[in-house]
Amino acid sequence: MDRFASVFFVASAALYVQGVLAANAYINQVGFRPADSKEFALVGGNGDVEIVNTSGQTALKVTPKAASFWDASGQNVQLVDFSELKAPGTYSIKVGGNVLRSDLVVKEEPFKDVFKAAAKWFYYQRASMALESSYAGQWSRAAGHTNATVELHNSAGSGTVNSTKGWYDAGDYGRYIVNSGITTYTLLSLYEHFPEYFKTLKWNIPADNGLPDLLAEIKWNLDWMLTMQASDGAVYHKLTSLGFPGDVMPAQDNSKLYVIGKSAEAAFDFAGVMAVASRVYKPFDANYAGKCLEAAKKAYSWGSNNMNVHFAANPSDVSTGAYEGDNATDEKLFAGTELAIATGDGSYKQSGTTEYISYWGDVAGLATYEKATHPTVFGGDANEAKQKILGTADNFVARSQKGFGVVMAKDDFVWGSNAVASNQGVWLLHAYYLTGEEKYYTAALKVLDYLLGKNPLDMSFVTGYGAKSPMHPHHRPSTSDGVTAPIPGMLVGGPQPGGEDIGSAAEWKCADYRTGQAATAYTDQQCSYATNEVAINWNAPLAYLAGALEALNAGHAPEFAANGVARNSGTQVSSSSEAPSSSSSAVVSSSGSVGPNSSSSQWTLSIRKNSGSVNLRMTESPTRFRLEDYRLYVERNGKRYGAKGNRLR
Ligand code: 9MR
């Protein structure tokens, strides 16, 4: 080839790659619910998209939307709405006759397994307990950190405390009250919002006195948190070794543990969590609930008298996570709000609401959720809180309609960016609960799409889920257990351009993995604690988002929710806790359609019991009929078993 010809060849090959072969479809790799709206992102597309079933037939043809630029990844992106594809199955995506991928799945309950895995990960993080293979499978391991007597570091006083249990914070084995605060709150609120759904959902963890799995798991951490309170009500900041442990299993970590520091932030985070726990555990264990409430009040009172006691930085001999703070106003707002709800005592109320989502360092958003959802307690403040939630949520909705079709903005790519995304989803769900407006639900779905693969890295950020997911998270047990697959259900921190883990000290540092784009600055390497670590405060909002989406679609809604929030596709109405044993189960199957009776202005509701149907004639003539206006129950021996909370639209 002469010089001119070879230049021409290279140039046209590059064009060819750009024009056709370089097209990429970015999808949620776990699955789409038949009834949900559905979207993927297309880069380098050219013309219509075909979605093809396994028999090779075109199930749907879609014209992508006009491209728009996403500054977080520097790409021009077309969004493809394929909501019309409703038949369960596995599909291929074709553009210009080329198959871009073949892993698009439509199925019922698409997020149920992700939820269970995300929740079960907390079991894998348990300190002071051996993980038995009947629960942990190939990730079984010996107990770590079993020595209950822990010395106080001089930053916390002198003497010892008796402390076991709790969840390891992240890839390290520290236990930190501040980070436990937002984490435990998020999981408790999931239960409080959907008690009927989570009362019976199980994921193979050790039983605890008949508690639902979600509450048994949370109690493991509450029990530890309770050990971190001093007799005067003060709450210690953290329980860790002086430095981070090596890459060893929990049982091999022999570094000495200390209880380190005290802070108003820890006291209020503790108080807020214990106040919620007192509400949630009351029906199961009134004594425990009472203990939580007393602990909350004492911590609140100590915090109020010690507003200037902060853990602003680590003591000089300590280098574990700081979870530092120098202003406890937002923590006091959170704790006071929860205590006002739990006790009915208005003197706990604190003023303030925020338009910002929460993270460990700012929990005003949690108080904002609680105020908005308890209007009888907070009056005008509740309305202010609601308006702030909706204002931010509208902004999230707008963002999700452009670029990659996700809520994340360029500035959201900070350490733990995937938790920013998850918490945006939780925020959107609160907007949905408060209004019943579909746009918020749809945007929340897009958050989960993002985390499960609709992102420029073309990967699911949850270990074990999706065609491509992290294999080398910064997580000591996953590194040192000799098992190739990481523990499943972990959400890695995610892309962010800070590069705090980049450097030349080979053992602890990574080579530069940054790309110049916020949304792709990520590496699936164990060295990358700044993008590939895992943490309890990141998994909790993932669990909330996936769990709440499933609970809503099983026909449940929070007590305070607007009408029509529950989404019962009509396939099954599950029984309530009042249900009898499984041999005489109260599960009722309802038809999915409700419509006007053609011969009169009355409405007819059909309830099908496998085969055959019973028609109930409604005596009213409402213009709109919803099953939520009625109780659905079965009756046996004069006792009613209700499907409380189920709603049919
Ligand atoms: O999540 C924390 C992040 O917001 C901070 O920027 C970062 C550095 O201080 O620390 C993160 O938290 C880590 C904690 O300090 C120790 N355990 C692992 C946590 C996740 O990386």
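Counting starts at 1 for both ligands and their atoms, in listed order.
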Review point. Looking only at distance, does Trp360 have an N or O less than 3.5 Å from an N or O of ligand 1?
Key: yes
Exercise for review: Establish whether atom 4 (O) of ligand 1 and some protein heavy atom are separated by less than 4.0 angstrom.
Suggested key: yes
Review point. So is there a nitrogen or oxygen of Asn537 less than 3.5 Å from a nitrogen or oxygen in ligand 1?
Key: no
Check your understanding: Among Tyr185, Trp427, Tyr544, which one satisfies ring pair (Phe, Tyr, Trp, His ring centres under 6.0 Å) with Tyr369?
Key -> Trp427
Review point. Is the closest side-chain donor-acceptor distance between Asn314 and Lys238 under 3.5 Å?
Key: yes
Point to revise | Minimal non-hydrogen separation, Ser469 against Gly464, with atom names | key: OG-N, 3.4 Å
Check your understanding: When you measure from atom 15 (O) of ligand 1 to every protein heavy atom, which one gives the shortest distance, and what is it?
Key -> Gly321 CA, 3.1 Å
Check your understanding: Do Tyr300 and Phe268 have ring centroids that are under 6.0 Å from one another?
Key -> yes
Point to revise | Pair His237, Glu324: side-chain N/O donor-acceptor within cut-off below 3.5 Å | key: no
Review point. Which atoms of ligand 1 sit under 4.0 Å from any heavy atom of Ala170?
Key: 17 (N), 18 (C)
Study note, to complete from the structure: atom 7 (C) of ligand 1: of Trp415, Tyr323, Trp538, the nearest heavy atom sits on Trp415
Point to revise | Enumerated ligand 1 atoms positioned under 4.0 Å from heavy atoms of Glu533 | key: 18 (C), 20 (C), 21 (O)
